[in-house]
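Reading through the structure tokens given below for one structure.
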Amino acid sequence: MRDHVYLIRRTARFTFLLAGLILMIGCTADPEVEPTAEQFDPPSTSTAPPVPTDTAPPPTLNPTLTPVPLPTETFTPPPLPTDTAVPEPATPVTVEDQLYIEQGQLNLYPAGPLYAGDRVTLQLAVSIPKDVRPEWIVVDVFINGEEFTRQTLNGRNLGRETLLLLPRAWDTTEYQGINTITFTADPTDQIQIGDENPDNNSISYEVNVLAPNALAEVSSSQEWIVRETDFARVHVASGTAAHRDIEQLLLLTNESIQKASIALQEAPRRIYDVYFIEKIIGQGGYAGGSLVVSYSDRNYSGGRIEEVLVHETIHLLDQQIATSGRLTFLAEGLAVWGSGGHYKPEDLNGRAAALVATGFYIPLPQIIDNFYPVQHEIGYLEAGAFVQYLVDTYGWEKFRELYSSYQNAPDGQDAAQLDLFLQNVYGKSLVQIEQEWLTKLGEMTLDKNIVADLNGTIRYYNIMRRYQEMHDPTAYFLEAWLPRPNLLRDTGTTAELTRRPELPINLVLEVMLTEAEILLRSGNFRQAEVLMGSIERALDNQNNFIDPLGATYNEITLQAYDRGYEVQRVLLDGQNATAVYTIDNGSQLYTLKFARERENWVVVQ
């Protein structure tokens with residue numbers, strides 16, 4: 001059995017159940033990854049302009065991204081009580097007006113086990129008084145009692161936490177074993193107002209650095225593989241699932257860029273760098289100067305890879321339109337609309353009507369001024385559906401005029417700023433247009449399947465983010481560090497983008513999350529709800545699988561784990577099951593057959 005240890009003794013953090021995807025390097029980010037062979041047609045609107053003559057139509061492609069033939073999924077869970085309640089949308093985080101460091105605020109990269117020789121990024125969140133600028137706060141860092149560095153706070157994440165970020169600063173070559181890292185904010189007590197209790201300004205963590213082993217050797221021997229298409233340079237790390245499937249990904253990348261170009265009527269002016277990575281980040285990807293997309297066989301971030309590629313490409317293309325400013329609400333809405341949906345091809349009007357009918361609708365001024373901290377699915381859906389309403393009602397050229405003329409609010413009051421530009425372009429205020437839109441949505445006939453899918457989607461991603469906070473914090477969108485991939489590529493580094501936690505609890509819960517999302521996306525809402533309830537019970541009960549369904553996933557995954565296998569999928573079929581797994585950090589997929597005998601699952605093939 002392989003030995004793993006937790007890197008940091010961290011307490012469970014306050015669960016935000018918020019959503020959104022990350023942007024820390026100048027552009028927005030969003031999710032969707034899961035190999036699929038389905039095709040996608042770009043959104044059609046009667047008011048969209050014709051395709052420009054300098055943009056070639058997309059080729060006829062049919063990429064198949066299913067890496068291994070799998071048995072038909074005839075999921076038959078045991079009877080369990082069904083909890084179909086959808087968690088309430090999260091409210092914005094309020095930060096105490098004090099200087100302090102809370103337990104559990106440290107993230108280390110690479111994720112998962114650290115090995116001697118890793119160059120580690122340290123990311124510490126520090127709460128500061130609202131009237132204090134981050135660069136005024138000095139932080140001393142000590143490792144094993146010796147001064148390591150003194151720095152000022154130098155970053156901020158989407159959770160509005162101020163950060164000390166030290167990219168690849170700690171060379172662990174000589175630090176094998178247990179190490180104590182101590183952080184002390186404002187060590188000379190320069191901050192008086194808002195720091196009445198200096199005793200909570202210092203905190204220590206124990207970090208275990210393991211001896212180099214096979215995983216470290218694999219990581220150190222990985223290299224970046226680069227292939228070019230007509231529109232992109234595709235980067236994958238050797239030996240990963242993306243490397244295995246690179247031919248299909250090349251075709252899909254090319255097609256997705258063309259779809260984004262057609263949706264925006266904007267031809268790419270440069271070749272884009274696209275990185276397919278093994279690590280899960282947020283809900284599957286982000287965009288800055290380049291595209292980064294999670295691609296893994298055990299991809300619990302859910303959704304379809306087609307949508308994430310189109311979505312993130314739109315974030316790059318729209319920079320050619322928005323030259324004077326960029327509003328997050330409109331940028332994310334444009335990307336959802338241009339992708340034809342958020343996680344899959346979706347009826348945005350129908351989903352927005354369901355949002356209003358179920359009471360989850362959030363008034364636009366509240367979302368616009370507070371986009372990322374609101375519940376992610378709600379925020380992105382409202383933004384995408386609002387853009388669709390503007391385009392359908394007033395035409396693409398009017399929306400393009402709004403998008404291209406918008407200037408960022410100097411005081412951060414984005415809703416008031418958008419109101420001014422709506423009046424300039426449409427002759428109507430934000431309140432007027434929102435009311436017109438809500439009236440139209442209220443006249444629509446609700447589709448019960450859309451309502452079920454919406455409720456299940458909100459519940460699923462709230463559970464997923466709770467899992468990330470508890471067991472995969474470097475993937476959690478409010479906290480995650482998004483490295484510039486070109487800097488890692490230029491140094492030959494892959495670990496920050498490939499390594500992820502692989503403790504047994506990670507494998508079991510990620511397998512369950514993956515299956516729940518697939519069930520939800522295929523319309524099996526009842527089965528998805530049962531499986532999501534099982535995951536919630538495990539999280540509520542200190543990772544103990546207390547119901548038969550959770551116990552089944554746990555037993556099968558651990559049996560494979562004890563054989564040295566890393567499970568990617570578990571497919572249940574009555575009294576039979578199939579585990580899909582990899583060996584020795586490889587990308588080749590194998591299957592292991594199980595059968596139920598009395599109270600236990602046994603390997604039969």
Side-chain angles (χ1 to χ4, degrees), residues 1-11 101 103-126 138-155 163-185 187 201-224 237-239 277-279 472-475 479-503 506 584-585:
M1 181 174 177
R2 294 173 296 176
D3 293 324
H4 286 266
V5 295
Y6 282 107
L7 297 180
I8 306 172
R9 295 178 184 172
R10 53 185 292 154
T11 59
I101 306 176
Q103 182 70 292
Q105 298 283 25
L106 177 66
N107 283 335
L108 300 180
Y109 304 82
L114 293 181
Y115 299 94
D118 282 333
R119 294 194 66 92
V120 176
T121 293
L122 298 92
Q123 180 194 46
L124 180 76
V126 179
V138 172
V139 179
D140 281 345
V141 184
F142 286 78
I143 299 180
N144 299 331
E146 296 184 1
E147 184 175 0
F148 179 69
T149 187
R150 168 175 282 193
Q151 301 281 342
T152 60
L153 297 180
N154 57 1
L163 303 176
L164 174 67
L165 181 64
L166 303 175
R168 307 190 74 239
W170 182 26
D171 183 348
T172 61
T173 302
E174 303 299 327
Y175 287 86
Q176 181 177 328
I178 300 295
N179 299 273
T180 300
I181 305 181
T182 301
F183 300 87
T184 301
N201 291 6
S202 186
I203 199 164
S204 295
Y205 294 87
E206 288 186 349
V207 179
N208 192 9
V209 176
L210 304 177
N213 73 350
L215 177 59
E217 292 173 5
V218 168
S219 298
S220 63
S221 64
Q222 278 182 331
E223 58 182 355
W224 287 106
S238 60
I277 68 172
E278 195 79 14
K279 176 178 167 56
D472 193 6
T474 65
E479 301 176 3
W481 170 55
L482 303 181
R484 297 186 181 224
N486 62 309
L487 299 180
L488 301 179
R489 178 201 63 204
D490 292 345
T491 59
T493 302
T494 64
E496 287 91 336
L497 298 178
T498 58
R499 206 180 297 173
R500 57 195 283 196
E502 293 176 355
L503 289 166
N506 295 105
D584 296 331
N585 304 297

Could you walk me through whether Gln105 and Leu124 pass the side chain to side chain contact (heavy atoms under 4.5 Å, CB included) check?
CA-CA 6 Å; Gln105 298 283 25; Leu124 180 76; 4.2 Å; yes

Does Glu174 have more than 12 heavy atoms from other residues, nucleotides or ligands lying within 6.0 Å of its CD?
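Incorrect, the count does not exceed 12.
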
[Y] and [X], any side-chain heavy atoms less than 4.5 Å apart:
X: Thr494; Y: Leu488; value: no
X: Thr184; Y: Thr182; value: yes
X: Tyr205; Y: Thr180; value: no
X: Leu163; Y: Trp481; value: no
X: Trp170; Y: Arg119; value: no
X: Leu210; Y: Leu114; value: no
X: Pro187; Y: Arg150; value: yes
X: Leu497; Y: Trp224; value: yes

Between [atom1] of [X] and [atom2] of [Y], what distance do you get to the nearest 0.5 Å?
X: Glu146; Y: Asn144; atom1: CD; atom2: CG; result: 7.5 Å
X: Gln222; Y: Ser238; atom1: CD; atom2: OG; result: 5.0 Å
X: Tyr109; Y: Leu166; atom1: OH; atom2: CG; result: 12.5 Å
X: Ile277; Y: Arg500; atom1: CD1; atom2: CZ; result: 10.0 Å
X: Arg484; Y: Arg489; atom1: CZ; atom2: CZ; result: 12.5 Å
X: Asn179; Y: Ser204; atom1: CG; atom2: OG; result: 12.5 Å

For [Y], is there any backbone N or O sitting under 3.5 Å from a side-chain donor or acceptor partner on [X]?
X: Asp171; Y: Thr173; result: yes
X: Gln176; Y: Ala116; result: no
X: Glu206; Y: Ile181; result: no

Pairing donors with acceptors under 3.5 angstrom, does anything connect the side chains of Thr498 and Glu278?
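No donor-acceptor contact under 3.5 Å links the two side chains.
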
Shortest non-hydrogen contact from [X] to [Y]?
X: Pro113; Y: Asp118; answer: O-OD2, 4.4 Å
X: Ala480; Y: Thr474; answer: CB-O, 3.2 Å
X: Leu122; Y: Phe183; answer: CD2-CZ, 3.9 Å
X: Ala475; Y: Lys279; answer: N-NZ, 4.1 Å

For Glu496 and Arg168: C-alpha separation, side-chain torsions, deciding distance, then whether salt bridge (charged side-chain N to carboxylate O under 4.0 Å, His left out) applies.
CA-CA 10 Å; Glu496 287 91 336; Arg168 307 190 74 239; 3.1 Å; yes

Between Gln103 and Ile203, does the side chain to side chain contact (heavy atoms under 4.5 Å, CB included) criterion hold? Intermediate values first, please.
CA-CA 7 Å; Gln103 182 70 292; Ile203 199 164; 3.5 Å; yes

Mind checking side chain to side chain donor-acceptor pair (under 3.5 Å) for Thr121 and listing every partner two or more places apart, or none if nothing turns up?
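Counting only residues at least two positions away or on another chain, Thr121 forms no side chain to side chain donor-acceptor pair (under 3.5 Å).
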
Test side chain to side chain contact (heavy atoms under 4.5 Å, CB included) applied to Leu164 and Val141, step by step
CA-CA 10 Å; Leu164 174 67; Val141 184; 3.9 Å; yes

